[in-house]
K.L.:
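What follows is a single structure, and I will ask about it in a moment.
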Amino acid sequence: MLPVIAALDVGVLKALDLVKLLKDKVAGFKVGWDLVFEGGISIISEISRYGNVIVDLKLADIPYIVNRVIDKVVEKGACCAILHGFLYPSLPKGDRLYVLAKMTAPTLYDEVWERLVEQVRDVRGFVLPGNKPEVVAYVRKKVGCSYRIITPGIGAQGGRPGEALRAGADFEIVGRYILEKPDRVTEWAGLSSRCFNTP
Ligand code: XMP
């Protein structure tokens with residue numbers, strides 16, 4: 001499998017075509033608000049028949065509510081979900097959670113991401129900007145192989161295929177660049193995850 005997570009930011013029919021096309025090529029699929037609003041929560045079960053599913057609702061609420069939402073998406077077949085790191089220290093823990101620590105676009109995370117990476121523990125991994133390989137390299141050095149690192153920001157947002165992987169990421173999250181031309185996944189041939197085989 002290529003170390004790519006396809007971000008399915010498209011309608012239901014197009015998403016299903018894409019998962020059928022990419023199921024033996026990419027390590028997983030990311031499902032966000034777009035698809036859940038259009039297809040309902042059952043779209044998660046549908047897509048998880050074809051591969052690993054990360055649900056990206058960028059959750060940001062009290063732990064009780066976040067845990068309830070995560071229970072529901074995991075029940076539907078997702079491995080895990082992405083939530084906002086700014087919740088720290090009121091951040092739920094566990095292997096089902098990816099923590100967004102710094103975004104591809106400028107945000108207030110730019111002022112706190114190093115602290116988050118230093119202090120957040122007992123989660124599945126971190127979401128970091130793939131268009132900033134130096135950030136990925138810094139975090140990998142800090143956390144070793146204790147946590148997964150997944151990175152959006154490739155293609156449409158300037159990151160080049162493979163750059164974040166070479167800096168230490170496990171999987172590159174790619175939306176528009178491969179949604180527009182699915183054959184582009186071949187650009188990841190020969191690349192591999194730094195530490196984990198599954199997203
Ligand atoms: P593109 O089309 O830019 O899609 O490849 C990126 C996907 O990743 C999700 N995502 C983020 N995108 N900065 C981003 O630009 C982030 O920090 C981030 N975290 C997650 C985005 O929602 C889209 O699905």
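Note that these values count all heavy atoms, side chains included, but never hydrogens, waters or copies made by symmetry. As the structure lists them, so they are numbered: ligands from 1, and atoms in each ligand from 1. Nothing fancy with the numbering, it's 1 onward along the sequence. It should be emphasised that the depicted structure is a prediction, and the values quoted were computed from it without experimental measurement.
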K.L.:
Could you check atom 9 (C) of ligand 1 against the protein and tell me its nearest heavy-atom contact, residue, atom and distance included?
P.N.:
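It is Lys30 NZ, 3.4 Å.
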K.L.:
What atoms of ligand 1 come closer than 4.0 angstrom to any heavy atom of Arg176?
P.N.:
1 (P), 2 (O), 3 (O), 5 (O)
K.L.:
Look at atom CD1 of Ile62 and say whether more than 12 heavy atoms of other residues, nucleotides or ligands are closer to it than 6.0 Å.
P.N.:
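Yes - once you tally the heavy atoms of other residues, nucleotides and ligands closer than 6.0 Å, there are more than 12.
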K.L.:
Using a plain distance cutoff, I'd like to know if Tyr177 has any nitrogen or oxygen under 3.5 Å from a nitrogen or oxygen of ligand 1.
P.N.:
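Min N/O separation from ligand 1 is not below 3.5 Å for Tyr177.
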K.L.:
State the atoms of ligand 1, each with its element, that fall below the 4.0 Å cut-off from a heavy-atom position in Met103.
P.N.:
16 (C), 17 (O)
K.L.:
Counting only heavy atoms, which portion of Gln157 has something under 4.0 Å from ligand 1: side chain, backbone, both, or neither?
P.N.:
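Under 4.0 Å from ligand 1, Gln157 contributes side-chain atoms alone.
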K.L.:
Looking at Glu163 and Arg166, does any basic side-chain N land under 4.0 Å from a carboxylate oxygen?
P.N.:
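Not counted as a salt bridge, because no side-chain N and carboxylate O are separated by less than 4.0 Å.
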K.L.:
When you look for heavy atoms under 4.0 Å from ligand 1, do you find them on the side chain of Leu179, its backbone, both, or neither?
P.N.:
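Neither part.
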K.L.:
Examine Gly175 against ligand 1 and note whether any of their N/O atoms are separated by less than 3.5 Å.
P.N.:
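In this structure, Gly175 places an N or O atom under 3.5 Å from an N or O of ligand 1.
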K.L.:
Measuring from atom NZ of Lys132 to atom CE of Met103, what distance do you get when rounded to the nearest 0.5 angstrom?
P.N.:
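The CE atom of Met103 is 10.0 Å from NZ of Lys132, to the nearest 0.5 Å.
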K.L.:
What's the shortest distance from atom 10 (N) of ligand 1 to any protein heavy atom, and which residue and atom give it?
P.N.:
Lys58 NZ, 3.6 Å
K.L.:
Among Ile150, Ile173, Val31, which one satisfies side-chain contact (heavy atoms from CB on, under 4.5 Å) with Ile54?
P.N.:
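Among the candidates, only Ile150 passes.
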K.L.:
Can you list the steps and then say if Arg140 with Asp170 is a salt bridge (charged side-chain N to carboxylate O under 4.0 Å, His left out)?
P.N.:
CA-CA 10 Å; Arg140 179 57 81 198; Asp170 293 303; 2.6 Å; yes
K.L.:
In terms of side-chain geometry, is the basic nitrogen of Asp56 or Lys30 positioned less than 4.0 Å from the acidic oxygen of its partner?
P.N.:
yes
K.L.:
For a ring-ring contact (aromatic ring centres under 6.0 Å, His included) with Phe126, tell me which candidate from Tyr147, Phe171, Tyr109, Tyr138 qualifies.
P.N.:
Tyr147
K.L.:
Between Trp33 and Phe37, is the gap from one ring center to the other below 6.0 Å?
P.N.:
yes
K.L.:
Just go through Ala105, Pro152, Gly130 and tell me whose heavy atom is the nearest to atom 18 (C) of ligand 1.
P.N.:
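Considering heavy atoms of Ala105, Pro152, Gly130, the nearest to atom 18 (C) of ligand 1 sits in Pro152.
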K.L.:
Where's the contact between Thr104 and ligand 1, heavy-atom distance under 4.0 Å: side chain, backbone, both or neither?
P.N.:
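Both the backbone and the side chain of Thr104 come within reach of ligand 1.
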K.L.:
Starting from atom 23 (C) of ligand 1, which protein heavy atom do you reach first, and at what distance in Å?
P.N.:
Asp9 OD2, 3.3 Å
